[in-house]
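In what follows, chains are A, B, ... by sequence order, proteins preceding strands, each numbered from 1. What you see below is based on every heavy atom in this structure, not just the backbone, and it leaves out hydrogens, waters and symmetry mates.
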Number of protein chains: 2
Amino acid sequence: MGQTHINNNIRTLRFHKGEMTQQTLADEVGVTRQTIVAIEKGKYSPTLELAFRIAGIFEVPLTEIFTYNSAEDKFKKRNQNLR
Amino acid sequence: MGQTHINNNIRTLRFHKGEMTQQTLADEVGVTRQTIVAIEKGKYSPTLELAFRIAGIFEVPLTEIFTYNSAEDKFKKRNQNLR
DNA sequence: ACACAATGTCAAATATAGTATACATTGATT
DNA sequence: AATCAATGTATACTATATTTGACATTGTGT
């Protein structure tokens, strides 16, 4: 899949939350730091469950952290003329 | 992982959306019917990207389809005394 | 300049999401 | 009762999310 069509502002939120480090965020949501790095950079799309956990830590709604750019979605592009 | 802690009302939404079938929903979001079945039944947690696509089809916010039951989350349970 | 904490990155392994195929069951229609 | 569409389920397979471990880089403090 390579890159996703999902943007996030985890990095910003980490700093709002008292300079929270990648490692401590990783610990709090129960994944490794590499996973946080990959998600922050949009390398892949996290599981919905993980996304909810992250939102829980920052105490903001999921959709305020992650936004979906449907315009870039290849599958939708392929199908939008069929609908 | 077995079962997740995420609930959804996809089934209800399918019927609100003119008796939309599992198969057509699957086609519209670009996965197989089996994937829709598994998600409807909470067998596993979909990718955030797929969750967004489903929300897009029903034209409702993601958080209105999927809700997270943090109380049942094993990882959170394990850690709630540490925070 | 040295040390250290935080971050970026890479490659190989494991776990889980998603596919393909096939078959059983239920409900509606004729 | 036969047919057909929609759904549930199972198993083996593929793709991708996540882990593990290791090392490079950047920035800050001393």
- Task: Mind running side chain to side chain contact (heavy atoms under 4.5 Å, CB included) on B/Phe58 and B/Met20 for me, showing each step along the way?
- Result: CA-CA 10 Å; B/Phe58 292 125; B/Met20 173 185 280; 4.0 Å; yes
[N] OP1/OP2 closer than 4.0 Å to side-chain N/O of [X]:
| X | N | result |
| --- | --- | --- |
| B/Lys43 | C/dG18 | no |
| B/Arg53 | C/dG18 | no |
| B/Thr47 | D/dT16 | no |
| A/Thr21 | C/dT7 | yes |

- Message: Regarding B/Thr32 and B/Thr35, do their side chains bring together a donor and an acceptor under 3.5 Å, going by distance alone?
- Response: yes
If you define the side chain from C-beta out and look only at heavy atoms, does anything of A/Leu62 sit under 4.5 Å from B/Leu62?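 Touching, per the 4.5 Å side-chain cut-off.
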Can you tell me how far [atom2] of [N] sits from [atom1] of [X], to the nearest Å?
| X | N | atom1 | atom2 | value |
| --- | --- | --- | --- | --- |
| B/Asp27 | D/dT7 | CG | C1' | 15 Å |
| A/Leu48 | D/dT18 | CG | C1' | 16 Å |
| A/Tyr44 | C/dA17 | OH | C1' | 13 Å |
| B/Arg14 | D/dA5 | CZ | C1' | 13 Å |
| A/Ile6 | D/dA17 | CD1 | P | 10 Å |
| B/Leu25 | D/dG8 | CG | P | 13 Å |
| B/Glu49 | C/dG18 | CD | C1' | 13 Å |
| A/Leu50 | C/dA15 | CG | C1' | 14 Å |

- Closest approach of B/Val29 to B/Arg53 (non-hydrogen atoms, all atoms of both residues):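 Scanning both residues completely, I find the closest heavy atoms to be O-NH1, 3.0 Å.
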Check: Nearest heavy-atom pair of A/Ile65 and A/Leu13: which atoms, and what distance?
Finding: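 Answer, listing the atom of A/Ile65 first, then A/Leu13: CG1-CD1, 3.6 Å.
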Checking C/dG8, C/dT19, D/dT7 against the side chain of A/Gln22 (C-beta onward), the nearest is C/dG8
- Query: Can you tell which of C/dG8, D/dT20, D/dA17 lies closest to the side chain of A/Thr32?
  - Reply: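 Taking heavy atoms from C-beta onward, the closest nucleotide is D/dT20.
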- Verdict with supporting geometry, A/Phe66 and A/Asn7, side chain to side chain contact (heavy atoms under 4.5 Å, CB included): CA-CA 6 Å; A/Phe66 299 96; A/Asn7 300 326; over 6 Å; no
Under a 4.0 Å heavy-atom cutoff, the residues of residues 33-40 of chain A touching DNA chain C are A/Arg33, A/Gln34, A/Val37
The complete set of salt bridge (charged side-chain N to carboxylate O under 4.0 Å, His left out) pairs with one or both residues in residues 9-19 of chain B, sequence neighbours excluded, reads B/Arg14-B/Glu40, B/Lys17-B/Glu59
